[in-house]
Structure formats: structure tokens, C-alpha cells
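What follows is one structure encoded as C-alpha cells, with my remarks underneath.
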Amino acid sequence: MSFDDLGLGPDLLRAVADAGYEQPTPIQEQAIPKILQGRDIIGVAQTGTGKTAGFTLPMIEMLGKGRARARMPRSLILEPTRELAAQVSENFTVYGKYHKLSMALLIGGVSFSEQDQALTRGVDVLIATPGRLIDQFERGKILLADIKILVVDEADRMLDMGFIPDVERIIKLLPRTRQTLMFSATMPAEIRRLADTYLTLPSQIAVAPSATPAENVIQRLVPVPGDFRRKREALRKLLALEDVNNAIIFCNRKRDVSTLARSLERHGFDCAALHGDMAQSLRTETLERFKNNEIKLLVASDVAARGLDVVGMSHVFNFDVPMTADDYVHRIGRTGRAGREGRSFTLATPADTKYVAAIERLIGSPIERLEIEGRRHSPVS
Ligand code: AMP
């Protein structure tokens, strides 16, 4: 199928061609025509599947008709993290380049005054994290009575982060007659309940079993002794063996993020830390430098790296085995994007056995073991 068959107008097709996309991804193929018909959607899809364009493209098409009124945004996109919100807004800029849509971004740590001016003039698209939106609503800065399209993105992440009560509060402030699009990598019972309560006759679209890591990601489990120093040694050895272009190294704990980043720096690696306790300006700057290839290795916690979309990331390293199997799938989904091969390595200590077993149950197959003790510089196949 080609983009021409989805019902998008010529301006969008031009923007999509400018972005270099040749054909729609499976979620785009399924979601775009249904969204354009005005249907509610549940999209079970991970990041990396092209789901953002799957909802932003039809939204731009629909919002192209009509105009926003002062303080009354016409559509609302809820995102669990600031980084994801910023990424979605970048998508609107790229795909909406031939449309005159206005947009505001309400996320923590970003000055409100500029966004407030945009809101006062009227915006077509409001992208927000739930807490920040409620905050501004309570101050009387926004009216939600004209929202015609609501997107709840990464709903399972919202759940993990405790945002569902805020999301429900927001939904109750919106007009009943609206189109609702919900995306989630997994469908836990609470998310199913949310969909049943707030969506009208939704069409469910699933692009891959949610627990299936992308096929083009090579996965290896590296047994290591359970001490921090030996784990760091093992990681350095892997970094030497592998031809790393750029990588995220995940830690389970924030304090380990900083310690590991400092240790890697001391050993001459080009790296930076990213975790939720850092000032927003520093987080944004670090992300930009990573995206621009000025930093090769990013040591991060799950929350900080949620949904990070860095094109062509060659590797993901799990310095710690994640404690939930879903997080494993999310983490390794950072690599192997858009058809490229990605490589992921997970350091596993004896204490991680039960977490590894849960991951292997979820993904439905054992992860190949890789012994690196005593290995020198021959590449890992
Ligand atoms: P997402 O799943 O929305 O995070 O998108 C993952 C990546 O795929 C982003 O870098 C997009 O720019 C890219 N992408 C989205 N749609 C397409 C497409 N149809 N063809 C090629 N790349 C795409």
C-alpha cells in the first residue's frame, strides 16, 4: 500500500515525501483511514512502529479544516513524559509544514509564558503531560470545551507512572462528543477499563503482539557476577567488542545512572547521564547532544528514556536486568528502528534469574547466552 491510498491530502503527502518515507508502516496503514473516518481507536503498538505519524498525519488533515478560538484548543494529546511530548510536537512541525496549524506544549520545566501567548491566540493542537495540564486548567488558563480529538499516548506508561487518575480527571473535563485515540504498547486490565469507559465503539488495531521485540534486534544475555565493579568491567569489555555507533545504557536506579556515567567517563568513553532528577534544561541539552551524535553513550533510567526516538541507534545495553518484562521489550525497542538491525546486550547476575525467566516467558523464547569472560577483541556474532 502507498501513502496515496490512505485518504491524506496533497500537502501531507508532500510533507511525508519530504520526510523520506516511502510507504506507510502497518499501524499507519490501518489507523490513518479509520481516524479520518472519525472512528475511536485503540492502537496496541510500541514506539518504533511509526504510531506517532499514525495519529499526527490524520489529525493534521482533519484540523486543516476550521480554526482555533482563543484559549480553546481543538485537540489534545496527553503524553507521559516531557521528552515524548516534545517529540510529538516535532512530528507536528515536520508533517504539518504545509499547513498553518498552531500548537502549544504544556510540559514541566518549560517556561509557560510563550505557550500562554499561543494559547491565548488559540491553538489547533495542545500537547501536554497530565499534571501540567491540570495545573494550568485550575489556574483558568485553558478551556477544554472545544476539544474534538483526544489522544492518550503510551497509556500503559501513564499507568506505570501513576497518571491514570489525572488522565480520567482530564477526560471528564472534555466534551462528550469527541474522537478519542488511545495508544498503548500493552493492554493491562486497567487500560482496558479506561478504553471501555471512555471510548465509543473503538476499532482495535494491533500491529504486533505487544510482547514481541522487533525481529531485527539481536538479543544476548551476558552472565556476570553480581558486583557493581565486575559489571562495569563486563560492560567496558562489551563496548570494546562491539562496533557501537550510539547506544543507551539502562540502569534500574537513578543513583547508578550517575555513578556508571562517571565511571565510563573516567575510562575515556564519550558518555552522559540522563535521569529524572536532572534539571529540565540539562535533560533537553543532553538529549539534543545525543541526537546530534555529539555523545555516543547515554546512561539512562527507564523514565528518562521513555519513548526516546533517536534514529539509527545501534545498541541498547541493559546494565541491570529490568524488573518488569515489559520494560525489557520497551528498552530493546530503542534500537532496530525503521528496518535497521539493532543489537542489545543484557548483563545478568545470579540474583536476576527470576526476572530473566519472566522476560523469556513474555517474549516466548530463551535469550541466547554470551560468555565474555576472557574474550578479547573478536566481534560478537
Ligand atoms: P514512532 O513509532 O512514532 O516513535 O516512530 C518511529 C520512527 O519511525 C520515527 O523516527 C519516524 O520518523 C519513523 N517513521 C514513521 N513513519 C515512517 C514511515 N512510514 N517510513 C519510514 N519511517 C517512518
Side-chain angles (χ1 to χ4, degrees), residues 1-8 12-33 35-36 41-61 77-97 125 127 151-158 181-186 205-210 212-217 245-246 248 287-288 290-293 298 302 304-314 316 326 329-342:
M1 193 182 267
S2 106
F3 271 106
D4 298 346
D5 306 322
L6 301 179
L8 300 169
L12 272 170
L13 294 177
R14 205 145 52 101
V16 164
D18 292 352
Y21 302 166
E22 286 165 6
Q23 62 183 60
T25 65
I27 187 128
Q28 291 163 2
E29 227 175 85
Q30 296 177 64
I32 293 172
I35 297 174
L36 288 174
I41 296 279
I42 303 174
V44 186
Q46 292 169 232
T47 45
T49 53
K51 75 175 158 73
T52 318
F55 65 82
T56 49
L57 290 171
M59 282 178 78
I60 295 168
E61 185 68 48
I77 300 173
L78 295 176
E79 293 289 338
T81 67
R82 305 154 177 190
E83 282 78 15
L84 273 169
Q87 252 164 233
V88 171
S89 87
E90 282 165 21
N91 273 265
F92 270 100
T93 309
V94 171
Y95 308 134
K97 64 197 274 201
V125 185
I127 305 167
V151 180
V152 181
D153 196 18
E154 306 256 332
D156 53 348
R157 293 294 138 205
M158 302 263 198
L181 316 174
M182 188 147 106
F183 292 88
S184 194
T186 56
I205 296 169
V207 285
S210 56
T212 310
E215 278 171 11
N216 51 344
V217 179
N245 176 41
N246 51 352
I248 297 196
L287 260 181
E288 279 307 307
F290 185 61
K291 282 187 180 178
N292 296 336
N293 265 322
L298 192 65
D302 289 284
R306 193 73 73 212
L308 244 187
D309 178 24
V310 177
V311 177
M313 195 146 58
S314 66
V316 166
D326 275 355
V329 176
H330 275 280
R331 285 183 182 185
I332 71 167
R334 309 299 96 211
T335 181
R337 291 286 180 98
R340 290 193 188 85
E341 185 188 87

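Atoms within a ligand are numbered from 1 in the order they appear, just like the ligands themselves. Everything numeric here is computed off the predicted structure, so don't read it as measured data.
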* Atoms of ligand 1 less than 4.0 Å from Thr49 heavy atoms? -> 2 (O)
* To do: Any chance you could measure Glu90, atom CD, to Ile127, atom CD1, to the nearest 0.5 Å?
  => 10.0 Å
* **Ligand-side contact atoms (ligand 1) for residue partner Gln23, heavy atom cut-off under 4.0 Å** => 18 (C), 19 (N), 20 (N)
* Find all atoms of ligand 1 within a distance of less than 4.0 Å from any non-hydrogen atom belonging to Thr52, and give their numbers and elements. => 1 (P), 3 (O), 4 (O)
* To do: Step by step, work out the side-chain contact (heavy atoms from CB on, under 4.5 Å) result for Glu154 and Lys51.
  => CA-CA 10 Å; Glu154 306 256 332; Lys51 75 175 158 73; 3.0 Å; yes
* To do: Find out whether Asp5 and Ser2 are in side-chain contact, i.e. whether some heavy atom of one side chain is under 4.5 Å from a heavy atom of the other.
  => yes
* Structure fact -> Taken to the nearest 0.5 Å, the spacing of His330 NE2 from Arg157 CZ works out to 3.5 Å
* So is Phe3 polar-close to ligand 1, meaning N/O to N/O under 3.5 Å? -> no
* To do: Report yes if some N/O of Glu22 lies less than 3.5 Å from some N/O of ligand 1; otherwise report no.
  => no
* Asked: Is there a donor-acceptor contact under 3.5 Å from the side chain of Asn246 to the main chain of Ser314?
  -> yes
